[in-house]
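Here's the structure, in structure tokens; my notes come after.
In what follows, chains are A, B, ... by sequence order, proteins preceding strands, each numbered from 1.
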Amino acid sequence: MAYSVSTQTPASRIAALAGTVLILALIALPFIAGRSTIRDMFFILTMLVLAQFWNLLAGYGGLVSIGQQAFVGAGAYALFGTVILWGVDPVPAILFAGIAALIIAVPTAFFAFRLNGAYFAIGTWVIAEVVRLLVSQWKTLGGGTGTSLPRDATGDMWFVGAIETALDVRSAAARDILAYWLALALALATIGGIYWLLRTRRGLALAAVRDNVEAAKSVGVDAGRMKWIVFLTSAFGTGLAGGLIYMQKARISPDAAFSVTDWTAYVIFIVVIGGIGTIEGPIIGVLVFFALQSLLADFGSWYLMTLGVLAIVIMLVAPRGLWGLLSERTGLHLFPIRRRLSGGMTERKETS
Amino acid sequence: QGAKIRLGYVSPQSGPLAAFSEADQFIIDGFLGSDAGGNFEVIVKDSQSNPNRAAEVAGELIIDEEIDLMLVASTPETTNPVATTCEAEGIPVISTVAPWQPWFIGQQGNPGDPGSWRPFDYSFHFFWGLEDVISTFTAMWNQLDTNKQVGGLFPNDGDGNAWGDPNVGFPQPLDAQGYGLTDPGRYQNLTDDFSAQINAFKAANCEIVTGVPIPPDFTTFWTQAKQQGFTPKAASIGKAILFPQAVEALGDQGHNLSSEVWWSPTHPFASSLTGQSAGELAAGYTTATGKQWTQPIGFVHALFEMAADVMGRVEDSRDPDEVAAAIAATQLKSIVGRLAFDGAGLPPFAAANIAKTPLVGGQWRLKDSGGYDLVIVDNSDHPDIPTGGTMEEIS
Amino acid sequence: MNILSLQNVSKSFGALTVTDDASFDVPQGEALGIIGPNGAGKSTLFNLITGNLRADQGTITFEGRDVTRVSAMERCLTGIGRSFQIPQPFEKLTVYENLLVAATHGRNLSEAAVLDDCADVLERTELIRRANTPAGQLSLLERKRLELARAMATQPKLLLLDEIAGGLTEGECKALIGTIRDIHARGVTIIWIEHVLHALTSVVERLLVLDFGRVIGLGDPEEIMASREVQEIYLGIEV
Amino acid sequence: MIWVDTILQGILLGGLYALFAAGLSLVFGIMRLVNLAHGDLIVMGAYLILLLVTLLGLSPFLAALIAMPVMFLLGWALQKFLLNRTLGDDILPPLLVTFGLSIALQNALLETFSADSQRLPTDALTTASVQMGPISLGVMPLLTFASAVAVIVGLNQLFYRTELGRAFRATSDDATTASLMGIKPANIFATATGIALVIVTIAALYLGLRANFDPNIGPARLIYAFEAVIIGGLGSLWGTLVGGIIIGVAQTLGAAINPEWQILSGHIAFLLVLLVRPRGLFPRAHD
Amino acid sequence: MSLLSTQNLVAHYGDFQALFGVDIEFGEAETIAIIGANGAGKTTLMRSIAGVLSNHANAVRFDGAEIGALPADEIMAQGVAMVPEGRKLFPSLSVEENLLIGTYGRKKSGQWTLDTVYELFPILRERRHTPGTALSGGQQQMVAIGRALMSNPRVLLCDEISLGLAPVVIKDIYKAVPAIKAAGASIIVVEQDIAQALAVADRVYCMMEGRVTLSGTPGSLSREAIHNAYFGAHQ
Ligand SMILES: Nc1ncnc2c1ncn2[C@@H]1O[C@H](COP(=O)(O)OP(=O)(O)OP(=O)(O)O)[C@@H](O)[C@H]1O
Ligand SMILES: Nc1ncnc2c1ncn2[C@@H]1O[C@H](COP(=O)(O)OP(=O)(O)OP(=O)(O)O)[C@@H](O)[C@H]1O
Ligand SMILES: [Mg+2]
Ligand SMILES: [Mg+2]
């Protein structure tokens with residue numbers, strides 16, 4: 001009897017169905033929800049993108065970087081540069097954000113791949129600092145002071161006029177809605193793309209390299225190339241997210257755009273709280289992070305103290321994150337990647 | 001109408017800039033307790049000294065809290081992201097405690113190209129400008145007998161870039177007054193060693209030092225300068241020695257350091273809100289908190305004076321355009337002096353958005369009982385503000 | 001023609017020389033056995049051939065091409081497959097996925113194209129019923145089988161087996177011998193390190209003896225086994 | 001002459017960095033623990049000294065002496081009850097836990113001591129200098145450098161001359177085998193962190209005497225400390241001193257060209273050293 | 001009465017079970033050997049007794065006390081020392097320091113001191129200041145044994161001390177066994193080399209796939225029985 005392979009489980013089929021409904025609802029959200037919801041969702045979606053890419057890097061590629069802010073900042077500055085100096089519309093300029101991050105990522109990888117473990121982590125941090133300091137010297141974009149997007153550029157951005165008339169909202173609201181849709185598209189593409197990657201033979205190789213590098217090399221996996229793919233993809237996506245975030249903020253400064261706390265530490269927090277090495281983890285993590293922030297952020301230093309203590313507690317009681325805890329108990333996977341072989345002799349009972 | 005007018009207020013209550021906001025609660029309580037204050041509700045947000053966070057909370061105030069008017073204070077790192085957000089959202093904002101150049105130019109797309117600068121529709125700012133510090137500082141130096149060689153300590157941040165800017169900053173006016181400026185270049189904040197600057201100043205035989213470092217950097221610089229035998233006759237420093245605690249951190253070495261003074265208990269102004277004089281406000285703060293007065297007290301208070309005055313002149317506080325027009329038409333005698341957006345003392349491009357407040361010069365003097373007093377030593381630009389002494393050399 | 005040849009290959013870890021000037025040839029299609037005391041450097045020799053370790057000196061030629069400086073991954077692609085003495089499964093992947101990695105990357109094929117081959121290898125190594133079990137949960141014997149299966153999935157021209165019969169029952173050992181003979185019969189060259197001598201000698205055509213990293217004997221199994229040196233250093237029999 | 005002065009000032013600055021880094025080097029070398037809270041622990045030490053100075057009216061040096069045992073106990077407990085549970089092959093748990101510790105500590109200090117910048121009381125010593133020909137060197141930086149050397153000599157003595165030092169090295173090589181020798185790795189690690197916090201106290205003393213500190217100033221110093229440890233080579237204490245000096249001199253030389261390049265030059269020197277020697281200048285022979 | 005015994009000892013590495021209920025016991029001044037093929041679980045058994053792998057308290061008894069749940073350092077303190085598989089010398093320590101580490105935190109003196117260990121293995125005295133890992137395999141094994149002896153243990157666990165050594169060297173190492181016994185220690189030797197094991201042991205346990213498949217005195221066991229226990233046989 002012939003063999004066949006599938007990755008689906010009953011739970012994943014239900015999840016896929018629910019996911020489709022959810023995506024449709026998210027697309028339609030601006031028609032029903034108020035602006036504050038849209039802005040909250042923008043925050044959630046962009047942080048989710050950053051978290052997914054860091055998770056790809058650290059959770060799947062084993063590359064624990066604390067220099068992701070280099071790509072957020074480079075992307076954001078590329079966006080501002082192309083808009084201010086070349087007069088490009090901010091929407092297409094987001095693409096330049098990704099490309100700029102990619103360009104920075106190549107020498108970074110060349111250097112950082114010589115290092116391992118903790119050295120790699122510190123190395124990426126230092127490189128991000130170097131990029132920040134270099135950008136701080138870029139006088140036309142305000143140096144250490146920073147700069148704002150020109151109002152005429154943000155005012156007549158692509159699609160904004162159309163959204164204004166279609167939804168009958170003010171231009172500021174239309175910009176938020178545009179940013180939200182772009183973030184939604186980016187988040188869906190990110191999750192979809194990562195899920196797709198993990199289901200290809202490349203993704204399988206990634207898992208193999210993570211489990212055992214020597215054995216992976218011995219069966220023909222190009223471990224070095226996997227690292228490059230993961231690092232560059234993650235830089236590109238992080239750069240896009242950086243561009244988008246700062247397009248919406250419309251104001252930039254090196255300290256803000258290259259903040260290790262905002263763009264790497266919180267992202268690590270999100271991934272680890274949610275569950276590293278899973279697609280579901282960052283989704284849970286970002287929701288928890290958002291909930292904490294909206295409940296506690298007004299308490300200033302007490303909020304940050306809580307965040308710090310929570311990071312410690314979660315790491316100690318649930319090192320595999322909240323999703324890890326849940327899926328261990330229930331065996332649930334919303335994004336299954338395990339291939340199940342069926343048919344042939346697989347089902348035959350063992351005779352003892 | 002029962003509905004109260006909603007004011008949003010953003011300031012750095014935690015993080016490195018928190019000293020600026022120490023008096024916030026005191027001022028806001030006072031404002032809400034005043035006659036006019038009864039019509040208002042103030043929603044306060046903390047920027048955590050983080051520009052990202054400042055922009056974020058500004059958005060929350062506008063969208064979630066649906067405020068009518070935004071108030072923001074303390075350093076370009078806070079005021080600029082908030083003002084940029086308000087401008088984009090079409091919500092009027094009044095901002096203060098940042099020299100007007102980093103505020104105005106810093107929010108322009110290309111700060112290097114004056115031709116591209118545009119005025120704002122909803123953003124207003126009151127404070128002094130670099131031309132005032134320069135004029136005050138040089139007036140103080142002119143009281144001393146020096147070789148007119150000045151060393152500049154300008155960091156690569158909003159303030160430092162503005163102070164050192166060849167167009168709007170120190171270089172041109174100093175040159176015009178016959179001072180020579182040695183500017184080694186923009187250093188990063190939290191630098192641990194200033195030997196390069198000290199060597200450059202020594203080489204140029206500087207007898208005066210000026211700049212806008214952050215407090216820890218100035219302490220490092222000043223200590224190293226003494227260690228390496230660099231002893232200028234005058235040191236006029238912005239920002240770093242704004243607060244008494246920062247000067248106390250220098251031990252005995254803070255004596256006769258000079259600084260710009262934007263507000264003091266001896267300023268001859270009174271609050272339009274409570275009728276208190278500057279001295280009474282400062283004394284009230286000290287009674288309430290047990291702390292020494294600081295300069296931001298007056299300006300934060302004036303922010304709320306502005307809000308009360310502006311809202312008193314509008315029909316519909318929910319109409320941003322009317323509120324913006326009312327701000328632009330302000331003529332207010334406040335606790336920091338007269339506030340009016342009439343373009344007095346300003347270049348045309350900034351006239352519509354900025355109101356200037358008076359600036360004088362002061363020196364920190366070691367008290368016999370320990371601690372320091374800020375004594376006003378120069379009032380050439382604003383003779384109505386009384387001086388308490390004359391400029392002395394650092395011995 | 002020689003599929004593999006080593007010339008003056010040496011390898012040291014610090015002061016310890018583990019492979020000492022090893023030179024030998026393996027003709028295409030041969031089954032070669034390697035024996036030697038524990039720590040003689042047998043596994044190290046494998047690591048040098050597969051590229052998991054780099055030789056300090058000497059040249060390794062595979063199918064006429066100098067592969068001394070070629071990476072482990074590329075050597076696999078050119079047709080060198082191996083099993084590890086201490087099983088090194090990808091623990092979080094299932095047995096089937098373990099094979100899939102090897103089959104798709106070792107041969108640069110799509111997943112669909114290798115489905116039947118993988119299933120076939122699983123059947124022949126009797127792992128088919130465990131196909132969907134994470135490899136981390138396998139028993140020792142199953143792990144050893146997985147080592148063999150994964151090496152076979154790359155469809156190597158040269159297959160290196162490191163002590164895969166250790167700890168098997170006699171019945172299992174017979175089955176394994178059958179499997180290896182079968183692979184060999186399909187034209188795959190085999191080099192096999194084994195302490196279970198009766199299993200080894202029932203398959204291999206020549207025997208190589210290592211001691212302290214040096215090749216001290218190479219030739220007909222029976223002659224080698226009968227030699228005084230081997231009796232003394234390997235079997236520990238006082239002669 | 002300016003160049004000689006620049007290099008000398010750089011070396012002295014390197015002493016400060018080495019002092020910041022020595023505790024980190026100890027912990028990183030023995031446990032491979034990346035402690036992101038190290039900078040904040042230094043700041044906490046400075047506050048502790050300040051507290052003793054203001055409450056008891058002691059001189060800062062005496063106060064630091066009293067703070068040392070307190071900090072030792074704190075470090076011991078921190079490692080024993082928290083950090084030991086994060087050790088392992090995976091570098092993420094310690095990274096996240098110490099990051100959490102870092103922000104919790106920063107904000108706890110902020111709540112307790114406010115954001116005001118503080119400084120330990122200074123006296124004539126702070127600004128005193130010794131004249132060496134045309135060059136004038138501050139007494140305080142010289143003292144800092146001397147303390148860094150003393151700390152490193154002391155640690156080397158401890159490491160290579162005592163039973164505890166043997167246990168440190170053995171546990172660092174292989175904790176499992178060390179436990180077979182009757183060593184309790186958990187306690188050894190706790191002791192190591194305790195000692196690291198004693199060094200942190202010394203670093204805090206000089207931090208507080210040299211310039212202002214406030215609750216948020218820690219992380220900015222952390223990166224230089226890490227650079228010093230890494231370019232020195234894992235576990236090499238003298239390497240840490242050399243690493244600190246390389247970064248210090250790179251900074252002052254960069255600044256002499258243009259202050260814009262000051263901090264950048266330090267980072268670039270770090271990257272260049274790692275480019276040539278990815279395991280640092282004096283790596284252990286084995287790892 | 002038995003000095004050390006295990007009851008229903010099990011061990012896991014993650015999901016993988018390596019031992020399935022092992023029972024062994026031995027008495028004062030006895031030498032037993034544990035033999036078995038690669039991967040049979042011999043090392044795992046040693047690690048469980050020594051406390052590297054923890055277990056139920058009653059799974060291991062030593063001198064009447066339940067020690068199964070104690071950590072390695074405390075078991076060591078009670079007098080059970082181990083010579084680990086693969087020698088595991090500390091590379092940062094010299095030969096002498098490696099030996100001294102065996103006395104860590106112990107004041108109790110006994111028969112074994114630096115001097116007596118150097119007497120047992122004279123070559124080590126000459127090389128005492130070199131790093132432990134710069135020695136030949138046999139010399140390293142001597143250091144590993146000496147290091148364990150320095151704690152004056154009552155039970156010495158030796159895991160494959162002949163691994164990777166030339167026959168001559170193995171003989172040298174095994175020559176030390178009677179001296180160690182004479183000093184009063186009981187010994188467990190794990191060996192793959194059956195002949196060697198049978199030569200030194202009072203009793204032998206044979207393991208396969210995590211279970212004890214055979215035990216007895218060397219004289220009572222036939223080659224056939226050992227072979228079956230080693231490799232399994234048709235029932
Ligand atoms: N990575 C390494 N670093 C240091 N020494 C090593 C390394 N790998 C192996 N060795 C040493 O090299 C020697 C030979 O090891 P190898 O594994 O090749 O032996 P082997 O002949 O396969 O033995 P066995 O029959 O026990 O498997 C041993 O002494 C071992 O300790
Ligand atoms: N750290 C580990 N992680 C996972 N599995 C392990 C580990 N150590 C040993 N094993 C497995 O446990 C089983 C028993 O191993 P153990 O080392 O106890 O065998 P052994 O009898 O000592 O073998 P050898 O003769 O090779 O030393 C083997 O299948 C081995 O692969
Ligand atoms: Mg081997
Ligand atoms: Mg073993």
Side-chain angles (χ1 to χ4, degrees), chain D residues 25-32 80-81 84-85 87-90 155-192 232-239 279-280 282-287, chain E residues 43 46-54 70-108 129-134 143-144 146-153 155-159:
Chain D
S25 176
L26 185 73
V27 167
F28 194 42
I30 292 185
M31 301 168 242
R32 311 288 191 275
K80 178 90 178 180
F81 300 114
N84 269 343
R85 303 175 59 178
L87 295 179
D89 289 338
D90 192 356
L155 282 180
N156 269 309
Q157 289 292 323
L158 175 77
F159 259 57
Y160 294 103
R161 296 274 179 279
T162 67
E163 183 177 50
L164 183 64
R166 267 202 305 274
F168 275 152
R169 283 180 287 146
T171 314
S172 160
D173 282 345
D174 182 346
T176 311
T177 307
S179 74
L180 284 174
M181 304 298 127
I183 295 170
K184 273 194 200 312
N187 288 1
I188 287 293
F189 290 157
T191 310
L234 187 69
S236 162
L237 290 160
W238 287 110
R279 284 161 26 97
F282 310 103
R284 275 203 284 234
H286 50 84
D287 252 325
Chain E
T43 300
M46 294 296 107
R47 289 163 65 89
S48 300
I49 295 173
V52 177
L53 300 170
S54 88
L70 295 184
D73 54 276
E74 283 174 34
I75 290 179
M76 162 81 166
Q78 305 228 349
V80 180
M82 170 144 141
V83 184
E85 184 175 13
R87 317 194 254 276
K88 300 280 170 65
L89 297 191
F90 300 112
S92 307
L93 274 56
S94 68
V95 167
E96 187 156 301
E97 286 179 319
N98 262 293
L99 292 174
L100 284 171
I101 207 90
T103 66
Y104 178 81
R106 249 172 301 276
K107 298 282 162 286
K108 190 184 89 182
H129 294 306
T130 46
T133 39
V143 178
R147 185 176 64 177
L149 289 176
M150 288 291 284
S151 69
N152 288 296
V155 173
L156 185 66
L157 310 173
C158 300
D159 194 357

Measure across E:Glu97 and D:Arg169 and return the closest heavy-atom pair with its distance rounded to 0.1 Å.
OE2-NH2, 2.6 Å

Validation row: D:Glu163, E:Thr103 side chains within 4.5 angstrom (heavy atoms):
yes

Flag side-chain contact, heavy atom, 4.5 Å: E:Tyr104 against D:Leu164
yes

Rounding to 0.5 Å, atoms OH (D:Tyr160) and OG (E:Ser94) come to a distance of 11.5 Å

I need the residue from E:Arg147, E:Arg47, E:Glu74 with the largest number of non-hydrogen atom pairs under 4.5 Å to chain D.
E:Arg147

Output all residues satisfying side-chain contact (heavy atoms from CB on, under 4.5 Å) with D:Asp174, sequence neighbours left out; order by chain, then residue number.
D:Thr176, D:Thr177, E:Lys88, E:Phe90

To check you understand the geometry: which heavy-atom pair defines the closest contact between D:Ala170 and E:Ile101, and what is its length?
CB-CD1, 3.8 Å

Residues at least two apart in sequence or cross-chain that pass side-chain contact (heavy atoms from CB on, under 4.5 Å) with D:Ser179, listed by chain then number, are D:Pro185, E:Ala72

Could you state the interatomic distance from CZ (D:Arg166) to CG (E:Leu99), rounded to the nearest 0.5 Å?
10.0 Å

Do you know which two heavy atoms are closest between E:Pro84 and D:Leu180, and how far apart they sit?
CB-CD1, 4.2 Å

